[in-house]
Amino acid sequence: QVQLVESGGGLVQAGGSLRLSCAVSGSSFSINAMGWYRQAPGKQRELAAVVSSGLTNYADSVKGRFTVSRDNAKNTVYLQMNSLKPEDTAVYYCYVYLRDAINYRGYDYWGQGTQVTVSS
């Protein structure tokens, strides 16, 4: 029912920029948080950037370079990635936390991931 549609990944040279987007549909529940995690091969998935209630949370490694934003009207979250480094190479997963206030439940959903490759 819930769908997360990601786009914007690709190959870019070091120092370049990419903008990821993720649109959420199929749920009437409120979106408490939206953002991005990333995972490099052989490594654990880590938080990259999440926005919730106007507040943001960034990994230390991306602070000052990445900006997460949210368009509430479109149920879409973006990740503007500037000054990309080879270390940023990973699969980036969209994340959303949905809140069912009536039943007092919350649900995590993940996109399928989009590959970001930064060449040196």
Side-chain angles (χ1 to χ4, degrees):
Q1 183 179 11
V2 177
Q3 299 182 64
L4 281 65
V5 180
E6 302 166 318
S7 64
L11 175 64
V12 65
Q13 293 184 345
S17 299
L18 286 173
R19 190 191 192 203
L20 307 182
S21 65
C22 175
V24 180
S25 63
S27 177
S28 61
F29 300 148
S30 62
I31 301 175
N32 281 17
M34 300 180 70
W36 300 89
Y37 286 70
R38 66 183 185 180
Q39 185 171 25
K43 297 184 178 180
Q44 296 292 317
R45 186 176 299 185
E46 66 172 354
L47 181 148
V50 173
V51 60
S52 177
S53 300
L55 302 177
T56 56
N57 185 22
Y58 293 97
D60 289 340
S61 59
V62 309
K63 288 181 178 178
R65 300 186 298 116
F66 290 11
T67 302
V68 62
S69 60
R70 177 178 173 180
D71 186 334
N72 293 327
K74 297 180 179 180
N75 289 333
T76 300
V77 64
Y78 305 92
L79 184 65
Q80 180 66 47
M81 304 184 293
N82 298 325
S83 301
L84 282 163
K85 304 176 181 179
E87 303 92 279
D88 296 317
T89 296
V91 176
Y92 284 71
Y93 295 91
C94 182
Y95 164 83
V96 62
Y97 177 69
L98 301 177
R99 178 66 176 174
D100 179 356
I102 295 176
N103 294 302
Y104 197 70
R105 296 180 184 273
Y107 304 93
D108 295 308
Y109 289 92
W110 298 90
Q112 291 184 293
T114 183
Q115 178 70 47
V116 172
T117 302
V118 184
S119 62
S120 60

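Throughout, numbering of the chain's residues begins at 1 and tracks the sequence.
I31 places a side-chain heavy atom less than 4.5 Å from the side chain of R70. Residues Q112 and L4 fail the side-chain proximity criterion, which asks for heavy atoms closer than 4.5 Å. Residues M81 and F66 are in side-chain contact: their nearest non-hydrogen atoms beyond the backbone lie under 4.5 Å apart. For the pair S17 and Q80, the minimum side-chain heavy-atom distance is below 4.5 Å. A heavy-atom distance below 4.5 Å is not found between the side chains of V96 and N75. Proximity of V68 to V50: side-chain heavy atoms (C-beta onward) are nowhere separated by under 4.5 Å. Here the side chains of W36 and E6 are in contact, with some heavy-atom distance below 4.5 Å.
Screening Y107, Y37, Y109 for a ring-ring contact (aromatic ring centres under 6.0 Å, His included) involving Y95 leaves a single residue, Y37.
Here the straight-line distance linking atom CD of Q13 with atom CG of L84 works out to 11.5 Å at 0.5 Å rounding. Rounding to the nearest 0.5 Å gives a distance of 12.0 Å between CE of M34 and CG of L79. A distance of 14.5 Å separates NZ of K74 from OG of S25, quoted to the nearest 0.5 Å. In this structure, OG in S28 is found 8.0 Å from CD1 in I102, a value given to the nearest 0.5 Å. Atoms SG and CD, on C94 and Q3 in that order, are 12.5 Å from each other to the nearest 0.5 Å. Rounded to the nearest 0.5 angstrom, R45 CZ and L47 CG are separated by 11.5 Å.
Hydrophobic clustering (ILVMFWY, side-chain heavy atoms < 4.5 Å, transitive): F29 and V77 are in one cluster. At a threshold of 4.5 Å between side-chain heavy atoms, the hydrophobic network of Ile, Leu, Val, Met, Phe, Trp and Tyr places L18 and Y58 in one connected group. At a threshold of 4.5 Å between side-chain heavy atoms, the hydrophobic network of Ile, Leu, Val, Met, Phe, Trp and Tyr places V12 and L20 in one connected group.
Using a 4.0 Å cut-off between a side-chain N of Lys or Arg and a carboxylate O of Asp or Glu, K85 and D88 do not qualify as a salt bridge.
Residues that satisfy the ring-ring contact (aromatic ring centres under 6.0 Å, His included) test with Y92, not counting sequence neighbours, are absent from this structure.
The nearest pair of heavy atoms linking S21 to T76 is CB-CG2, 4.4 Å. A90 approaches A40 most closely through the heavy-atom pair CB-N, 3.9 Å. Closest of all the heavy-atom pairs between G26 and Q1 is O-CG, 2.8 Å. Shown here for P86 and A14, the closest heavy-atom pair between the two residues is CD-CB, 4.1 Å. The shortest non-hydrogen separation linking L98 to S27 is CD1-OG, 3.6 Å.
At distances below 3.5 Å, not a single donor-acceptor pair connects side-chain atoms of T56 with backbone N or O atoms of V51. Without hydrogens or angle criteria, S52 side chain to N32 main chain gives a donor-acceptor distance under 3.5 Å. Remark: side-chain polar atoms of R38 are not paired, donor with acceptor, to backbone N or O of A48 under 3.5 angstrom.
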